[in-house]
Number of protein chains: 2
Amino acid sequence: MKKLTLAEKVYQVREDAIVAAVNRLLAEKGFDLMTVDAVAAEVGIGKASLYKHFSSKEDLASAAMAFVLQGALTHAAELAADPSIEDIDRLRSLARWAVQRQISGEMPALPAQNPSLREAMTRDKVYMDRLMQLSDQLGQWIESALAAGALERSLPPEVTLYSLFAKGCDPVVSILKAMGTYTDEQIVDWAVQTCFTGLCGSPARDAAPPQADAGTRKAGKRSP
Amino acid sequence: MKKLTLAEKVYQVREDAIVAAVNRLLAEKGFDLMTVDAVAAEVGIGKASLYKHFSSKEDLASAAMAFVLQGALTHAAELAADPSIEDIDRLRSLARWAVQRQISGEMPALPAQNPSLREAMTRDKVYMDRLMQLSDQLGQWIESALAAGALERSLPPEVTLYSLFAKGCDPVVSILKAMGTYTDEQIVDWAVQTCFTGLCGSPARDAAPPQADAGTRKAGKRSP
DNA sequence: GTCTATATTTAGATAGAC
DNA sequence: GTCTATCTAAATATAGAC
């Protein structure tokens, strides 16, 4: 680690504030509806100052995703450090982390169809490095969980990997959240559950408890 | 049914062509990157003529979704007419229909976060009627499948319903399709499979066949 | 490096002739 | 109803003073 001058520290702090603002706005509005003006306003700086840090709107989005990936890598490292956890549960925990981040409004929503955005992200070495690092880690856990019989054998590891990444932008989570009927915790549980055991659940399990949803609905919004 | 004059028929045919073009362009580019100019060019008419049929870009998108819902209702009616099918398989078939439509480039991609688009769609009576009709039909099948023990009891019917609708925009399908490694049919199978039995699969089942992926990869693109 | 003010571009929407 | 040509608004990006 290089020691930073005061000016560099100030610069870095501002840049972090920018990334945080972009992160929140991307989660709220998505890439296309987020304007650079709104980012500048949220940070409290002029728009021209923004362009001294990032040379395009696409670069802003890329930096936000790189930041999120940093968080994912940190969480993955914690999971890897605990030898008592099964690999399938490491995958589950990371999926849960992604869904929680989404439901708390901190997961950028990027349109996969935007070519200029894709190009900017593939050119971002920081983003790409972290993405590959995370993919590698997940890939190892997937292989291991497959060998242990904890994952469906007929699914290629790639399919499982992408399915896990996709949980970060599950539209069902947004819809349920917008309804306001259930607690965030309950929605996260369902999202992770449907990801790993599907809508049909585990046929091996016996009948669910009679009142499975007791205490899962928000107070004051119970349906008649 | 009212009898149409020739002029009305011509008008209707052109309108159908517009909806088809919008449908394809929405699937390819998504709402934000689809321009009205591109729609006019694809149909082969002037942009001003478009606005004689639809008064806004949002209305175009809404008409495209209403058209897709019409197709879903037709498929649902066919399933309902065959008494030999289990309700859980009706749900599966409809999910498969949606994924197939997506993978063949005929499923509009609409951003859920766009407020003006949401407003236009909720104001579109045709779209809303079909949406409710389909939701009702699916809701009945879900209740019935739940009673038969074919769906996980701990999941509220709403959650299952939205999860099925969400299969129409599953990003995993797009990613796998873009990779070019697998056949469309194989990708559809996996998408439906992960939806209903998840990444872990059914623990009750015995070991999968040794070479589960035989014949599922596209020719000439087999990995080393 | 930060700001105000401005340039440029793009795309949604419309006027008016036919 | 359809077309060409145009208007307008919004948003990305930049110039130039401090």
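Keep in mind the model is a prediction, meaning the values are calculated, not measured. Every heavy atom of this structure was used, including side-chain atoms; hydrogens, water molecules and symmetry mates were not.
- Proximity of residues 47-59 of chain B to DNA chain D (heavy atom under 4.0 angstrom from any strand atom) is restricted to B/Ala48, B/Ser49, B/Lys52, B/His53.
- Crowding of A/Phe67 atom CZ: a count of heavy atoms from other residues, nucleotides or ligands under 6.0 Å not exceeding 12.
- As rounded to whole Å, 15 Å separates atom P of C/dT10 from atom CG of A/Asn114.
- Picking from C/dC3, D/dC3, D/dT12 the nucleotide with the shortest atom distance to the side chain of B/Ile45 gives D/dC3.
- Side-chain atoms of B/Glu185 and B/Thr183 form no donor-acceptor pair, as typed in the model, at a separation below 3.5 Å.
- When all heavy atoms are compared, the tightest approach of B/Ala66 to B/Arg130 is O-NH1, 2.8 Å.
- Between the side chains of A/Thr181 and B/Glu158, no donor-acceptor pair is found at a separation under 3.5 Å.
- Of the two residues contacting DNA chain C, namely B/Asp32 and A/Gly44, the nearest-nucleotide position lying further toward the 5' end is that of A/Gly44.
- For the pair A/Gln193/B/Glu152, a side-chain contact is recorded, criterion being any heavy-atom separation below 4.5 Å from C-beta on.
- Note: NZ (A/Lys9) to P (C/dG1) measures 16 Å, nearest angstrom.
- Between the side chains of B/Asn114 and B/Ser116, a donor-acceptor pair is found at a separation under 3.5 Å.
- As a whole-Å value, the separation of A/Asp37 CG from D/dA11 C1' is 7 Å.
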